[in-house]
Amino acid sequence: ENSSLPLSVFISDVGEQVYQVKFLANETVIWALAAAPYAFVWSNILVGNYELTAKAFNKTGDLLATSEIIKLTVEIQYNPIADAGKDITVTLPVESVIISGSGNDPDGGKVSFLWNELSGNNTLKLSNTDSKELVVSELVAGNYIFRLTVTDDEGNMANDEMILSV
């Protein structure tokens, strides 16, 4: 997946007129501008480590100023995976049901779980809502939709839903 990053530089008091500003990543020119504002969007950035600088030049190509180096690391972030499990049908007088969900982070980080009842009569008792196994008790006839949200250690979220028919 490619990324984009807006870049800009403000040039002040370099002693003479700026003719061109070049933006560089690892000393390779990625963009050049001949007039202010000196700004653009760097697109299709590949995964890697970069040192970004901007250099201002006069009309004869002499270097007038160089910006500070900005270090940038571009990484791939994977969203977690959520699975609320298969739909379940139970017949009363069952007292409770355990809904078994699962989730993981493809890049190996820790995940947390959160269950919510999206539809139904909101009279069911929910236990272990922060676990991959939700306990639903005090069942009443009806159809209920539950959502499992999985959050990884970078704050990325995924969710999945299942239906409980009582």
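The OG1 atom of Thr149 lies 5.5 Å from the CG atom of Leu114; values are rounded to the nearest 0.5 Å. Rounded to the nearest 0.5 angstrom, Trp115 CH2 and Met162 CE are separated by 6.5 Å. Taken to the nearest 0.5 Å, the CG atom of Leu5 stands 6.0 Å off from the CG atom of Leu72. One distance of note links CD1 of Ile88 with NZ of Lys86; it measures 11.0 Å at 0.5 Å rounding. Separating the OG atom in Ser67 from the CG atom in Leu24 is a distance of 8.5 Å, to the nearest 0.5 Å.
Taking 4.5 Å as the limit, some side-chain heavy atom of Val9 sits within range of a side-chain heavy atom of Phe23.
Between the side chains of Asn26 and Thr28, not a single donor N or O lies within less than 3.5 Å of an accepting N or O.
Within 6.0 Å of CD in Gln17 there are 12 or fewer heavy atoms belonging to other residues, nucleotides or ligands.
One N or O on the side chain of Asp152 and one on the backbone of Gly155 form a donor-acceptor pair closer than 3.5 Å. Side-chain atoms of Ser96 never come within 3.5 Å of backbone atoms of Ser137 as a donor-acceptor pair (strictly under, hydrogens ignored).
Phe57 carries Lys22 over the face of its six-membered ring, with the cationic atom under 6.0 Å from the centre and within 45° of the normal.
Using cut-offs of 30° and 60° on the angle between ring planes, the pair Trp31 and Phe40 is parallel.
In this structure, the salt bridge (Lys or Arg N to Asp or Glu O under 4.0 Å) partners of Lys55, at least two apart in sequence or on a different chain, are Glu27.
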